[in-house]
Amino acid sequence: MRIVVLVSGTGSNLQAVIDAATSGELDVEIAAVGADREGTYGVERASEAGLETFVINFNSFPTREEWDAALTARVASYAPDVVVSSGFMRIVSADFINAFNGKYLNTHPALLPSFPGAHGVRDAMAYGVKVTGCTVHWADAGMDTGPIVAQEAVVIEDADTEETLHEKIKVVERRLLIATLASLAAASSPAGRG
Ligand code: GAR
């Protein structure tokens, strides 16, 4: 199963996918890692791992539509079976998602449909919920919307800060993302299709 991973920042979840693919725990080929801006640590991690990388800089395009079309063309050039948004902080169009047969997987650090958006951890804490978590889902053209594939709860402790809570969520998130990719890869293998 060929995947393209999209990042906007640190790429710690991407690193977990790279490590799992390198160790053989996860049977996927990372065809490329792309970002929406220059200078992300995620792209640096991918380069260090010897992976193909690209940047389709959102700020270099006059309109969102032109950026989206450029992103779609570049990702399509790798002919991925699945595209993974791993901390990719941009909404993409329905055309983008349709170009990949709807196979656009996103992870989010909250129990969707609660607390979508760029600050899922902060928003859950601000609301005062006692349990939050993470969600892996097939993304549609909305903000963190689309059919849920996997979810797991994380308890918020009184002593948690946004940072400590996000780290706890990311531990679970990495496990769920890798397990989801593993089961998709198994289903797409000749034996799985068998
Ligand atoms: C992850 O927690 C991911 O769920 C979140 O960004 C973080 C990226 O971390 N995505 C969203 O909030 C999407 N709405 P990373 O760059 O260290 O993998």
Side-chain angles (χ1 to χ4, degrees), residues 3-28 30 33-37 39-49 51 58 82-92 103-186:
I3 65 171
V4 168
V5 184
L6 300 178
V7 297
S8 292
T10 316
S12 62
N13 290 339
L14 162 70
Q15 187 68 58
V17 174
I18 292 172
D19 292 346
T22 306
S23 71
E25 176 197 346
L26 180 60
D27 187 16
V28 300
I30 305 172
V33 172
D36 59 329
R37 60 191 183 89
T40 61
Y41 188 35
V43 162
E44 198 180 314
R45 289 178 192 268
S47 301
E48 277 167 16
L51 296 170
F58 186 82
V82 175
V83 182
V84 181
S85 158
S86 187
F88 189 60
M89 303 307 236
R90 300 274 176 201
I91 292 174
V92 295
K103 302 285 188 201
Y104 183 45
L105 203 63
N106 182 43
T107 73
H108 183 71
L111 293 175
L112 293 172
S114 294
F115 310 116
H119 304 291
V121 179
R122 187 186 307 170
D123 293 347
M125 290 193 87
Y127 194 95
V129 293
K130 302 300 180 194
V131 176
T132 185
C134 65
T135 303
V136 176
H137 67 107
W138 292 116
D140 60 22
M143 166 113 68
D144 298 316
T145 52
I148 290 170
V149 179
Q151 263 183 331
E152 197 169 308
V154 173
V155 170
I156 303 180
E157 315 277 353
D158 288 344
D160 272 327
T161 63
E162 183 180 344
E163 289 69 33
T164 63
L165 179 59
H166 202 164
E167 268 319 304
K168 282 190 225 173
I169 291 171
K170 280 187 178 184
V171 170
V172 178
E173 192 172 21
R174 287 172 199 133
R175 178 162 45 72
L176 281 194
L177 176 59
I178 288 167
T180 300
L181 289 171
S183 77
L184 291 170

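Because the structure is predicted, anything quoted here is derived from the model rather than measured. Note that these values count all heavy atoms, side chains included, but never hydrogens, waters or copies made by symmetry.
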Pairwise distance [atom1]([X]) to [atom2]([Y]) - rounded to 0.5 angstrom:
{"X": "Asp27", "Y": "Leu181", "atom1": "CG", "atom2": "CG", "value": "11.5 Å"}
{"X": "Leu165", "Y": "Glu157", "atom1": "CG", "atom2": "CD", "value": "9.5 Å"}
{"X": "Asn13", "Y": "Arg45", "atom1": "CG", "atom2": "CZ", "value": "9.0 Å"}
{"X": "Lys103", "Y": "Ile3", "atom1": "NZ", "atom2": "CD1", "value": "14.0 Å"}
{"X": "Ile178", "Y": "Asp19", "atom1": "CD1", "atom2": "CG", "value": "8.0 Å"}

Going by atom type alone, with no hydrogens or angles, which donor-acceptor pairs under 3.5 Å involve a side-chain atom of residues 83-91 and a protein atom two or more places apart or on another chain?
{"from": "Ser85", "atom 1": "OG", "to": "Asn106", "atom 2": "OD1", "distance (Å)": "2.9"}
{"from": "Arg90", "atom 1": "NE", "to": "Asp36", "atom 2": "OD2", "distance (Å)": "2.7"}

Would a 4.5 Å heavy-atom cut-off, applied to side chains only, mark Tyr41 and Leu14 as touching?
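Side-chain contact under 4.5 Å: no.
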Would you say that Leu184 contacts Val28 through its side chain, given a criterion of any heavy-atom pair below 4.5 Å between the two side chains?
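No, every pair of side-chain atoms sits at 4.5 Å or beyond.
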Pairing residues for Glu152 by the salt bridge (charged side-chain N to carboxylate O under 4.0 Å, His left out) criterion, not counting sequence neighbours:
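Here the qualifying residues are Arg175.
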Sequence neighbours excluded, which residues qualify as salt bridge (charged side-chain N to carboxylate O under 4.0 Å, His left out) partners of Asp160?
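By the salt bridge (charged side-chain N to carboxylate O under 4.0 Å, His left out) rule, Asp160 matches Lys168.
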Please list, chain by chain and in numerical order, all residues satisfying side chain to side chain contact (heavy atoms under 4.5 Å, CB included) with Thr22, sequence neighbours excluded.
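In terms of side chain to side chain contact (heavy atoms under 4.5 Å, CB included), with neighbours along the sequence ignored, Thr22 is linked to Ile18.
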With sequence neighbours excluded, tell me which residues meet side chain to side chain contact (heavy atoms under 4.5 Å, CB included) with Ser23.
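Only Glu25 meet the side chain to side chain contact (heavy atoms under 4.5 Å, CB included) criterion with Ser23.
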N/O donor-acceptor pair under 3.5 Å between Arg37 side chain and Phe58 backbone:
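No, the answer is negative, given that no donor and acceptor are paired below the 3.5 Å cut-off.
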Is it the case that the side chain of Thr40 and the backbone of Ala35 share a donor-acceptor pair, with hydrogens and angles ignored and the cut-off at 3.5 Å?
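Pair absent, no side-chain N/O of Thr40 close to backbone of Ala35.
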Work out which heavy atom in [X] is nearest to a heavy atom in [Y]; give both atom names and the distance.
{"X": "Gly120", "Y": "His108", "result": "CA-NE2, 4.0 Å"}
{"X": "Val172", "Y": "Cys134", "result": "CG1-SG, 3.8 Å"}
{"X": "Leu112", "Y": "Thr135", "result": "N-OG1, 3.0 Å"}
{"X": "Ala124", "Y": "Thr132", "result": "CB-OG1, 3.9 Å"}
{"X": "Ile30", "Y": "Val17", "result": "CD1-CG1, 4.1 Å"}
{"X": "Gly34", "Y": "Val43", "result": "C-CG2, 4.5 Å"}

Could you go through Val7 and Val33, starting from their C-alpha distance and side-chain angles, then the distance that decides it, and tell me whether this counts as side-chain contact (heavy atoms from CB on, under 4.5 Å)?
CA-CA 7 Å; Val7 297; Val33 172; 4.2 Å; yes
Can you pull the salt bridge (Lys or Arg N to Asp or Glu O under 4.0 Å) pairs that have at least one residue in residues 115-140, sequence neighbours excluded?
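Non-adjacent pairs meeting salt bridge (Lys or Arg N to Asp or Glu O under 4.0 Å): Arg122-Glu162.
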